[in-house]
Amino acid sequence: GLQGIFLLKGLNFTKASNLQTLIDDSGDRFVHDKTATMLLVLAGFTGGIMQTAIVNIGQIISGDWQHPFAEGSSILVDGELISKVGGLTDQEIDNCDVVIDAGGAVAIPGFIDSHVHIAFGDFTPRQNTVGYLQSYLHGGVTTSISASEVHVPGRPKDPDGVKALAIAAKKCFESYRPGGMRVHAGSLILEPGLGLRDYEEVLSKGVWLAKAGFGAVTSASEYISMVSEARKAGLFTTLHTGGASIPGSFPITGADLININPHVSFHINGGPVSMEDKYFEIVARDTDIAMQVCTAGNLRTTILCAEMAR
């Protein structure tokens, strides 16, 4: 489903017998702001059973760059999923628990940040900051995907420890949604000693991500078998690419990336140190590796990456 985000300012709520009770019961699903009045994240607002209609929308942005605008002026939300975009019948609107008059506001899909170093709760020890995920909503990000919980202080490095860390992070965010944001936490940090059974175990607990690049390995080649087995087990694999970012790690080169063969090359444009230029074409042309770029990376290689991905 498409997650949406609205800036609400003086909008009209109908069919909510007691909106204040609704707000009170929602906990941190509502973010109150003196300037915007309220930031409503549909995925957090609707809960598991509520049906919501947003009507009188001035423009609906589809999220499809080839067809950026959606027809119609209404959105229907069932539970946590947007079920219909466009025109709604009077009966569909009457059946809703809540109807929101958008007053001509623009509706846009929420952004998905595919590289966030989640820890526990809405806290990042890397910047020693509380509330960063909730604040992130103000930039339009409604979904965050873990790039591993590597920055958790004292994080374990043994197989049992990294499995427990990934599972605990995954479980913590199953019901906790800071500001309404959906967080896909729990990315297994690939460490020596992990094997196929370990990958199958965490997968059975709901963990679906695995991250290579921060393990206690002596060379990048050690990740080849680990990533291969993790993929075989059904985990979605990612790889830190480019220069070293934390003490004890080392650069992952273009040749390393191709040999390790993850599903996704993280910040392939560097941070700002990237791999050699020639590998962008090779990765785009000869592999199925998805290329992730980051805003804090090298701008020149970001453009190069985009050109190679055409």
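Below, all heavy atoms of this structure are taken into account, side chains as well, without hydrogens, waters or symmetry copies.
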Given Thr238, Thr287, Leu257, the one that forms side chain to side chain contact (heavy atoms under 4.5 Å, CB included) with Pro262: Leu257
Heavy atoms of other groups near Asp288 CG, more than 12 under 6.0 Å: no
Plane angle bin for Tyr176 and Phe173 - parallel if under 30°, tilted between 30 and 60°, otherwise perpendicular: tilted
Test item: side-chain donor near acceptor, Gln134 and Asp122, under 3.5 Å: no
Closest approach of Leu194 to Glu229 (non-hydrogen atoms, all atoms of both residues): O-OE1, 4.4 Å
Value rounded to 0.5 Å, distance of CD in Gln292 from OG in Ser265: 8.0 Å
Taking every non-hydrogen atom, the tightest pair across Ala70 and Gln59: O-NE2, 4.1 Å
Side-chain heavy-atom pair Ile258, Ile282 within 4.5 angstrom cut-off: yes
Which atom of Ser74 lies closest to which atom of Leu88, heavy atoms considered: CB-CG, 3.5 Å
Side-chain touch Asn261/Ser228, heavy atoms, less than 4.5 angstrom: no
Residue pair Thr253 / Glu276, side-chain heavy-atom distance below 4.5 Å: no
With Phe123, the side chain to side chain contact (heavy atoms under 4.5 Å, CB included) member among Leu133, Val130, Thr129: Val130
Sidechain-backbone polar pair: Tyr136 side chain, Gly131 backbone, donor-acceptor under 3.5 Å: no
Side-chain heavy atoms of Thr237 within contact of Val264, under 4.5 Å: no
Enclosure of Lys232 NZ (heavy-atom neighbours >12, cutoff 6.0 Å): no
Separation of Cys172 SG from Ile118 CD1 (nearest 0.5 Å): 11.5 Å
Between Thr124 and Gln127: side-chain donor-acceptor atoms closer than 3.5 Å: yes
Between Asn298 and Asn269, a side-chain donor and acceptor under 3.5 Å: no
From CA spacing to verdict: side-chain contact (heavy atoms from CB on, under 4.5 Å), Val207, Glu201: CA-CA 9 Å; Val207 173; Glu201 178 188 351; over 6 Å; no
Exam field: side chain Asn259 to backbone Ala255, donor-acceptor pair closer than 3.5 Å: yes
Leu188 and Lys211: CA distance, side-chain angles, deciding distance, side-chain contact (heavy atoms from CB on, under 4.5 Å) verdict: CA-CA 6 Å; Leu188 180 67; Lys211 170 70 176 292; over 6 Å; no
Audit row: Arg231, Phe236, side-chain contact (heavy atoms from CB on, under 4.5 Å) steps and yes/no: CA-CA 6 Å; Arg231 292 182 63 135; Phe236 190 83; over 6 Å; no
From CG (Leu81) to CG (Leu76), nearest 0.5 Å: 11.0 Å
Ring centers of Phe266, His240 separated by less than 6.0 Å: no
Interatomic spacing from OG1 in Thr241 to CG in Leu239 - rounded to 0.5 Å: 4.5 Å
Path from Ile303 to Ile268 over hydrophobic side-chain contacts below 4.5 Å: no
Stepwise side-chain contact (heavy atoms from CB on, under 4.5 Å) check, Thr142 with Phe111: CA-CA 6 Å; Thr142 57; Phe111 292 117; over 6 Å; no
Residue pair Glu222 / Thr218, side-chain donor-acceptor N/O under 3.5 Å: yes
Lys/Arg N to Asp/Glu carboxylate O, Lys170 vs Glu149, below 4.0 Å: no
Straight-line distance of Ser62 OG to His67 NE2, nearest 0.5 Å: 8.5 Å
Side chain to side chain, Met291 and Ile289, heavy atoms closer than 4.5 Å: no
Heavy-atom side-chain contact between Pro192 and Val217 under 4.5 Å: yes
Exceeds 12 heavy-atom contacts within 6.0 angstrom, atom CZ of Arg197: no
Contact check, side chains of Met275 and Phe280, non-hydrogen atoms, under 4.5 Å: yes
Same apolar cluster (I L V M F W Y, side chains within < 4.5 Å links), Leu190/Leu196: no
Arg177 vs Glu80, salt bridge (charged side-chain N to carboxylate O under 4.0 Å, His left out): CA-CA, chis, key distance, verdict: CA-CA 13 Å; Arg177 297 177 65 166; Glu80 294 192 343; 2.9 Å; yes
Hphob cluster co-occupancy, Leu299 + Tyr279, side-chain heavy atoms under 4.5 angstrom: no
Pair Asp78-Ser83, side-chain donor/acceptor within less than 3.5 Å: yes
Nearest-0.5 Å distance that lies between atom CZ in Phe214 and atom NZ in Lys157: 11.5 Å
Side-chain heavy-atom pair Thr302, Leu304 within 4.5 angstrom cut-off: no
